[in-house]
Amino acid sequence: MKKITIQGVAGCFHDAAAHLYFEGEEVETVPCESFPAMFDTLSSDSSLLGIMAVENTIAGPLLQNHELLRQSTLKVIGELKMRISHVLCALPGQEIDRLTEVNSHPMALMQCEQYLRRHPNLKIVERFDTAGSAEEIARDNLVGHAAVCGEYAAGLYGLDILERGIETNKRNFTRFLILADALTAGEIGPGEQDIDKASIVFTLPHTQGALSKILTILSFYDINLSKIQSTPIVGREWEYRFYVDLTFDSLLRLHQAINAVRPLIRDLSILGEYSEAKVTH
């Protein structure tokens with residue numbers, strides 16, 4: 001059985017993503033209250049895997065999670081791009097017009113704003129977690145309350161789904177990374193023939209054309225830059241740390257490209273080499 005650490009309670013989108021990524025395998029998720037707590041748990045047991053959201057098509061990148069990964073010894077061994085769809089659910093037998101309150105995480109409530117506006121009888125009350133809202137309604141038998149969460153959470157806590165797909169933007173996807181201890185990543189991750197994506201992080205000196213030189217070299221080796229994200233380095237004015245995702249057809253060419261750019265950059269780390277995810281609907 002694979003044990004996967006997640007941020008959130010059972011039924012949350014991280015939980016659903018873990019079961020989707022390891023579909024067909026026996027999986028046990030280990031809930032953690034926060035992402036730092038999740039990394040602490042992972043560091044205490046090398047047999048654990050982790051799954052972590054790093055980007056959403058609406059909310060953008062989760063930069064604090066990039067930093068947690070950089071500061072750890074974990075490696076990325078896979079990714080999942082999952083559509084985030086919300087449902088409105090309540091205790092069995094409840095009707096929408098008789099509900100008085102809706103609970104969920106602020107981001108989920110914001111993503112369903114247009115739908116909720118059509119139901120002025122629902123007082124919007126923010127909670128810490130989407131699945132946690134469903135759990136609370138089921139545990140405390142909260143008549144008149146509804147939760148905005150994923151269909152997986154509603155089913156897990158035995159709630160009736162009153163309406164599906166209530167999110168305003170139907171193109172809402174979250175990208176998750178699968179994490180493993182550096183010593184076991186090679187055994188658990190994909191074989192070299194299946195690796196076509198890598199995540200790296202590096203810093204650059206504050207000199208003219210520094211970044212463009214790196215991009216030129218990567219292009220020469222037929223390495224595609226699929227994402228780049230910069231963050232300022234505290235205490236080093238006008239210097240930046242770059243988180244970069246690369247896709248390629250040849251792992252050998254990737255390693256040649258990285259060796260070619262090393263003399264021009266500082267503190268380069270390979271966060272992981274893995275298989276690029278297909279989008280799940």
Under a single-linkage definition using a 4.5 Å side-chain heavy-atom cutoff for Ile, Leu, Val, Met, Phe, Trp and Tyr, are [X] and [Y] assigned to the same hydrophobic cluster?
| X | Y | value |
| --- | --- | --- |
| Leu264 | Tyr240 | yes |
| Ile228 | Leu204 | yes |
| Met52 | Leu271 | yes |
| Ile223 | Phe242 | yes |
| Ile258 | Tyr221 | yes |

For [X] and [Y], indicate whether the former's side chain and the latter's backbone hold a donor-acceptor pair under 3.5 Å.
| X | Y | result |
| --- | --- | --- |
| Thr5 | Cys32 | no |
| Thr57 | Phe173 | yes |
| Thr216 | Ser212 | yes |
| Ser34 | Ala37 | yes |
| Asn65 | Ala53 | yes |

For Glu163, the salt bridge (charged side-chain N to carboxylate O under 4.0 Å, His left out) test, sequence neighbours excluded, returns none
Sorted by chain and number, sequence neighbours left out, salt bridge (charged side-chain N to carboxylate O under 4.0 Å, His left out) with Lys2 holds for Glu25
Give me the one residue out of Leu48, Thr41, Leu42 that meets side-chain contact (heavy atoms from CB on, under 4.5 Å) with Asp45. Leu48
Which of Leu159, Val143, Asp160 passes side-chain contact (heavy atoms from CB on, under 4.5 Å) with Gln94? Answer is Val143
For Asp15, check side chain to side chain donor-acceptor pair (under 3.5 Å) against everything at least two apart and list the hits. His19, Thr29
Return the minimal non-hydrogen interatomic distance between Gly78 and Tyr274, and the atom names on each side. N-CB, 3.6 Å
Taking all non-hydrogen atoms of both residues, which atom of Ile6 and which atom of Val9 are closest, and how far apart? CD1-O, 4.1 Å
Look at atom [atom1] of [X] and say whether more than 12 heavy atoms of other residues, nucleotides or ligands are closer to it than 6.0 Å.
| X | atom1 | result |
| --- | --- | --- |
| Gln64 | CD | yes |
| Glu23 | CD | no |
| Gln256 | CD | yes |
| Asp249 | CG | no |
| Arg236 | CZ | yes |

CG-CZ distance between Asn141 and Arg139, expressed to the nearest 0.5 angstrom: 11.5 Å
ring-ring contact (aromatic ring centres under 6.0 Å, His included) pairs touching residues 104-135, sequence neighbours excluded, are Tyr115-His119
Under the ring-ring contact (aromatic ring centres under 6.0 Å, His included) rule, what pairs show up with a residue in residues 58-90, not counting sequence neighbours? Phe13-His86, His66-Tyr243
What pairs of residues pass the salt bridge (Lys or Arg N to Asp or Glu O under 4.0 Å) test when at least one of them lies in residues 180-205, not counting sequence neighbours? Glu79-Lys197
Can the ring centres of Phe248 and His255 be said to be less than 6.0 Å apart? no
Just by distance, no angles: are the side chains of Asp97 and Asn121 close enough, under 3.5 Å, to form a donor-acceptor pair? no
Does the side chain of Glu136 pick up a donor-acceptor pair with the side chain of Asn103 at under 3.5 Å? no
Among Arg175, Gln229, Lys227, find the one that has a side-chain hydrogen bond (donor to acceptor under 3.5 Å, both in side chains) with Asp245. Arg175
Going through the distances and angles, do Glu135 and Arg127 end up as a salt bridge (Lys or Arg N to Asp or Glu O under 4.0 Å)? CA-CA 11 Å; Glu135 179 191 32; Arg127 289 287 191 265; over 6 Å; no
